Amino acid sequence: MKKIDIAVVDYGMGNLRSVSKALEHVAPTKTVLVTSNPLEIAHASRIVFPGQGAMPDCMRELDARDLRDSVLSAAKNKPFLGICIGLQMLFEHSEEGDSLGLGFFKGNVKRFVAADMKDDNGEKLKVPHMGWNQVYQTRHNHPSASQTHPLWRDISDASRFYYVHSYYVKPDDEQMTEGFSEYPNRFTSAIAKDNLFAVQFHPEKSASAGLQMLSNFVNWLP
Amino acid sequence: MLAKRIIPCLDVTDGRVVKGINFLELRDAGDPVEIAKRYDDQGADELTFLDITASSDNRGLILHIIEQVASQVFIPLTVGGGVREVEDVRRLLNAGADKVSINTTAVLNPQMVADAASRFGSQCIVVAIDAKKVDNQPFEWEVFTHGGRKATGLDAVKWAEYMASLGAGELLVTSMDRDGTKIGFNNPLNRAISDAVEVPIIASGGVGNLQHLVDGVKIGGADAVLAASIFHYGEYTVKQAKAYMAQHGIEVRL
């Protein structure tokens, strides 16, 4: 089989063109393949796991294509980037349609409750949370040169990324959180564990900050 | 905190971006990719393309534009105009649109909004509402279709609630009384809709200066502001608009 540098997992939910175009833009010499073939996913060096729409539909379509094992295996073994519902599906359960996720991490996916949410001027906050919000990078006390995760390299703290979602993840293990935003309360918007990084926002739609993150992912050696 | 968005709107016909002068005398405004890139460089938060092609023969040309723009500009792209069926939505999303705006069809066939939202997700379904102030109805603002020519008998505020309940993820509210006037958004209309729904609203129609953008957010309660002419004719850059909004205490992405 031909070398595949980056496989974008396609399970029939939404438009993957944006993600693949953005990856091709930051890594013009790499092979980027949008695929629903488990063999190609197993063969690829890096995996991007996106997701759009409703989580119950995403889970159903993933299983309809028999991709659950390929995705879980990739999440354990190679550089893996989850985006939006691709982040949410890694957890055990979502309030959206009361659906089960892949359960790769312990924790739940919860809905923003619009009725309770106001900004500093007393204006109602809308759901979905749509638009550009600041992402605060988590600083850890590990002894490496950088205190933040390698995927934040050359991205200023509190840079804005583009979001569109009504649900957010709540990991049991707070230590997994590599970034968070406020709407109006703090919620986890980036997590990491070993070879895996996953974000709630859309790096492929987040102009220069997003492209930098994708470039960092392409060059990441976890 | 979440920033209020500024969205330049580009009119497209027969596969080219055009500038209209009083809706007549459309002239070629240049390469769509170049224009999109320029707005991206100025800090536009999203871009909206409105397909105003009259003949259905050339309507597919918008797909080519979106494909080109989406491979080089990495901010959200919305496309509207002539979206009639779920298949049109699929084609536009596959070409690289992130959201598709549905206008007349939503009135003729509301089920299409529900079908598109359930198939592709609410995040990519925008319903465009063209409203006009009327005095022959028991409500204040009526929904119009066909570019403001056909009255529908629908109350714009109730209509907005209904569209959100069917799965619209965002509403683009255009005041037909204000469009092209440069006297500012219809803030009472926007405020009434914004207060009635949970989803974000984009204010459109009537922007003539930067204070209008501030008022659209502060008075009208808009989550995003859309403008065409003030940006196209070089009166203001998106960057200047954002700086002005920031000075007036509005959170923007600088």
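Proteins get letters first, then strands, A, B, ... in listed order; numbering begins at 1 in each. Predicted, not measured: the structure shown is a model, and the values here were computed from it.
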Chain B contact via Ala54(A) - which portion, at a heavy-atom distance below 4.5 Å:
neither
Side chain / backbone / both / neither for Asp223(B) at chain A, heavy atoms under 4.5 Å:
side chain
Structural part of Ser181(A) lying under 4.5 Å from a heavy atom of chain B:
neither
Taking the side chain as every heavy atom from C-beta outward, state whether Pro200(B) and His129(A) have any atom pair closer than 4.5 Å.
no
Should Lys124(A) and Glu198(B) count as side-chain neighbours, where that means a heavy-atom distance under 4.5 Å?
no
Over 12 non-hydrogen atoms of neighbours within 6.0 angstrom of NZ in Lys118(A):
yes
Could you check whether any side-chain heavy atom of Met130(A) comes within less than 4.5 Å of a side-chain heavy atom of Glu170(B), counting everything from C-beta outward?
yes
Mind ranking Ser194(B), Ala164(B), Ser118(B), Gly221(B) by heavy-atom pairs under 4.5 Å with chain A and telling me who comes out on top?
Ser194(B)
Do Val199(B) and Lys126(A) come within less than 4.5 Å of each other through their side chains, counting heavy atoms only?
no
With a 4.5 angstrom heavy-atom cut-off, could you sort out which part of Pro184(A) is near chain B: side chain, backbone, both or neither?
both
Please look at Ala224(B) and chain A and tell me whether the side chain, the backbone, both or neither of the residue comes under 4.5 angstrom of a heavy atom of that chain.
neither
Looking at CD of Gln52(A) and CG of Leu93(B), how far apart are the two atoms once the value is rounded to the nearest 0.5 Å?
7.5 Å
Which answer fits Arg5(B), side chain, backbone, both or neither, if we ask what part of it has an atom under 4.5 Å from a heavy atom of chain A?
side chain
Answer yes or no: is there a donor N or O on one side and an acceptor on the other, between the side chain of Gln123(B) and the main chain of Val164(A), under 3.5 Å?
no
By number, which residues in residues 238-252 of chain B have some heavy atom less than 4.5 Å away from chain A?
Glu251(B), Val252(B)
Can you confirm whether Asp98(B) sits close enough to Lys205(A) that some side-chain heavy atom of one is under 4.5 Å from a side-chain heavy atom of the other?
yes
Chain A-proximal positions within residues 72-88 of chain B [heavy-atom distance under 4.5 Å]:
Val73(B), Phe74(B), Ile75(B), Pro76(B), Leu77(B)
For the student: nearest non-hydrogen atoms of Met1(B) and Arg160(A), plus distance
O-NH1, 2.8 Å
Is it the side chain or the backbone of Asp120(A) that comes within 4.5 Å of chain B heavy atoms, both, or neither?
neither
For chain B, which residues from residues 20-35 of chain A have at least one heavy atom closer than 4.5 Å to it?
Lys21(A), Ala22(A), His25(A)
Decide if atom CZ of Arg111(A) counts as having more than 12 heavy atoms of other residues, nucleotides or ligands within a radius under 6.0 Å.
yes
Given Glu67(B), Lys218(B), Lys4(B), the one with more heavy-atom pairs under 4.5 angstrom with chain A than any other is Glu67(B)
Which residues pass the side-chain contact (heavy atoms from CB on, under 4.5 Å) test with Asp119(A), not counting sequence neighbours?
Asn121(A), Glu123(A), Leu125(A)
With chain A, the option among Ile201(B), Asp40(B), Val197(B) that has the most non-hydrogen atom pairs under 4.5 Å is Val197(B)
Would you say the side chain of Tyr183(A) lies within less than 4.5 Å of the side chain of Leu2(B), judging by non-hydrogen atoms?
yes
